[in-house]
> 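Following this message is one structure expressed as structure tokens.
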2 protein chains.
Amino acid sequence: MSNCSTCVVRNRSICSALDGTEISALGSISRLRSLAAGEPLLWEGDDSVLLANVVEGALKLTMSMPDGGEQIVGVVYAADFIGRPFGGATPYGVTALTDAQICVFAQSDFERLAADHPTLEQKLLERTLDELDRTRRWMLLLGRMNAEQKLASFLLELSERLGNPGCEPENAGPVDRFELAFSRQQIGDVLGMSVETVSRQFTRLTRQKIIANPTRRAVVILDRGALAARAG
Amino acid sequence: MSNCSTCVVRNRSICSALDGTEISALGSISRLRSLAAGEPLLWEGDDSVLLANVVEGALKLTMSMPDGGEQIVGVVYAADFIGRPFGGATPYGVTALTDAQICVFAQSDFERLAADHPTLEQKLLERTLDELDRTRRWMLLLGRMNAEQKLASFLLELSERLGNPGCEPENAGPVDRFELAFSRQQIGDVLGMSVETVSRQFTRLTRQKIIANPTRRAVVILDRGALAARAG
DNA sequence: CGCCGATTTGATCGTGGTCAACAATAGTGG
DNA sequence: CCACTATTGTTGACCACGATCAAATCGGCG
């Protein structure tokens, strides 16, 4: 279904573990799908029958409190893997933050392919270990940082992650100017704080000339050192 | 070095992926080590040359703020895996919570063995995916719960995890009475709150006859329903 | 231009952090 | 075995940070 040979994340996603023959096997069980910004892909608690690679765009993984509060527990970008293989129900919902393209396949098809291709599982393992490390750093942020430290850390991590797409190949270093894929509310859901507090911290950093906000969604880092100092 | 054939976690740890020949290969590169409660195994930022399986006891994974604040980002029990394969530096410190026995091996030895034994990598992948799910649930706790919800959730998770050691084999269900492996301070470091708040919440739950505290470290769940209600 | 959701700003309140004193337990040596 | 001390846990008083409620302003889009 998909044409993997021309896929832009061919060499950065877990698919880089596969050779020509294998990739066409994966291509035959996968299908490209477009998502509009805000469109949900999976709901928390769904049977996890669907797995995917992100080709373009960004998606959020969310968990909710019974009272309606939401926590974003992960964000995936191009070349990242989506879903919970070897498991029953998806423990988190998945929703597109931006317009996105993903390469979806059935869980059962993927697991069959993975069983025959250890290198594929190894790629997925490395990716999962990285994701676990990132998530744990995020726990430190949620558990021990104040509002200022949270926002500063968030902006720094974004700037690094956007400057270093995929995994290994050419690390361009952090970028000083980028577009946020998040609304203020969503930033709050990432950092475990209210919209108002997010907004206040933005204006504070802006007033101190550490960052600038040409538009609501654009961020320019004016003084990376100072920002790092605030991140603690 | 180790005698894997008599190991108590032989069939629950990732070693269950290995057959007789393979297990003796692992045995020849591994070595049993005892840790006293409070003894550190790895420091945050160390080169990650050491991997291990927990045979008995519990250990904490911690990350620290520059100002000294500590966040426990994971807790491992018997049959769990310790360390960061395929990576440079360990992003978190590892310290024994109780007296413990672990089965250690060199990162390089393990990676060589794993490369030849895909089933070993698959076990590790499943374990890592489970750990990632647990960690994300924990993020919801840190980001969105109040003190009461945090402690209630913590006690419930402990009661479930202790009643269901290892992975698959016989799930005994949650236990209503158990010993905490944590000091009050450590519970605070798990839940992202101060010792005093932990203590206050304990006395609150006790006064409401939802739990009892025969000794400081012992917990009896008197009313699981009420506790679940507080957990939100 | 006018509307509507997103964002910012302001005012107030409450939860949980901090500081301090006290109590209980564990650890140590006489 | 019992003082004596050190450590850990509990309780109280107070305060600050960030949540909440409310209003004003901005910005995108018809």
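Here is the naming used below: chain letters follow the sequence lines, and residue numbers restart at 1 for every chain. What you see is a predicted model, and the numbers here were worked out from it, not measured in a lab.
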> Tell me the closest heavy-atom pair linking A:I221 and A:S159, and the distance in Å.
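Answer, listing the atom of A:I221 first, then A:S159: CD1-CB, 3.8 Å.
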
> With nearest nucleotide decided by heavy atoms, which residue, A:R144 or A:N213, maps closer to the 5′ end of DNA chain C?
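Closer to the 5' end of DNA chain C: A:N213.
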
> Angle between the end axes of the helix from C:dC1-D:dG30 to C:dG30-D:dC1, five pairs per end, to the nearest 10 degrees?
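Here the local axes at opposite ends form an angle of 40°.
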
> For A:E179, which residues count as a side chain to side chain contact (heavy atoms under 4.5 Å, CB included) partner, sequence neighbours excluded?
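Result, side chain to side chain contact (heavy atoms under 4.5 Å, CB included) vs A:E179: A:R217, A:A218.
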
> Which residues pass the side chain to side chain contact (heavy atoms under 4.5 Å, CB included) test with A:A229, not counting sequence neighbours?
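A:A229 satisfies side chain to side chain contact (heavy atoms under 4.5 Å, CB included) with no other residue.
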
> Can you tell me which residue pairs pass the ring pair (Phe, Tyr, Trp, His ring centres under 6.0 Å) test with a partner in residues 64-84 of chain B, sequence neighbours excluded?
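For residues 64-84 of chain B, and leaving out neighbouring residues, the ring pair (Phe, Tyr, Trp, His ring centres under 6.0 Å) pairs sorted by first residue read B:F81-B:F110.
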
> Could you identify which residues of residues 180-187 of chain A place a heavy atom less than 4.0 Å from some atom of DNA chain D, listed by residue number, or say none?
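Hits under 4.0 Å, by residue number: none.
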
> Under the side chain to side chain contact (heavy atoms under 4.5 Å, CB included) rule, collect the residues that match up with A:T6, sequence neighbours excluded.
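Listed in chain order: A:N3.
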
> Do you know the tightest heavy-atom contact between B:R144 and A:G192?
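Here B:R144 and A:G192 meet closest at NH1-C, 4.0 Å.
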
> Tell me whether A:R177 at atom CZ has more than 12 heavy atoms from other residues, nucleotides or ligands lying less than 6.0 Å away.
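No.
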
> When the distance from CE of A:M193 to P of C:dT8 is rounded to whole Å, what number comes out?
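In whole Å, C:dT8 P lies 12 Å from A:M193 CE.
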
> I'd like a table of donor-acceptor pairs (distance under 3.5 Å, sequence neighbours excluded) in which one partner is a side-chain atom from residues 51-61 of chain A, with atom names and distances.
unit_1: A:K60; atom_1: NZ; unit_2: A:E70; atom_2: OE2; d: 3.1

> Which is the 5'-most and which the 3'-most nucleotide of DNA chain D that has an atom under 4.0 Å from a heavy atom of chain A?
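Result: D:dG18 to D:dG27.
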
> Run the side chain to side chain contact (heavy atoms under 4.5 Å, CB included) check on B:R184 and B:E196 step by step: do they pass?
CA-CA 8 Å; B:R184 294 294 191 260; B:E196 294 92 330; over 6 Å; no

> May I ask you to test the B:L191-B:L151 pair for a side-chain heavy-atom distance under 4.5 Å?
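They are in side-chain contact.
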
> Going by heavy atoms closer than 4.0 Å, what residues in residues 196-211 of chain B are next to DNA chain D?
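Heavy-atom cutoff 4.0 Å gives B:E196, B:S199, B:R200, B:T203.
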
> I'd like to check the side chain to side chain contact (heavy atoms under 4.5 Å, CB included) partners of B:R204; sequence neighbours left out, ordered by chain and number.
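Only B:E148, B:Q201 meet the side chain to side chain contact (heavy atoms under 4.5 Å, CB included) criterion with B:R204.
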
> How would you list all residue pairs meeting ring pair (Phe, Tyr, Trp, His ring centres under 6.0 Å) that involve residues 187-225 of chain B, not counting sequence neighbours?
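Listed once each, the pairs would be none.
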
> I'd like to check the ring-ring contact (aromatic ring centres under 6.0 Å, His included) partners of A:F182; sequence neighbours left out, ordered by chain and number.
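If we apply the ring-ring contact (aromatic ring centres under 6.0 Å, His included) test to A:F182, skipping adjacent residues, the hits are A:F154.
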
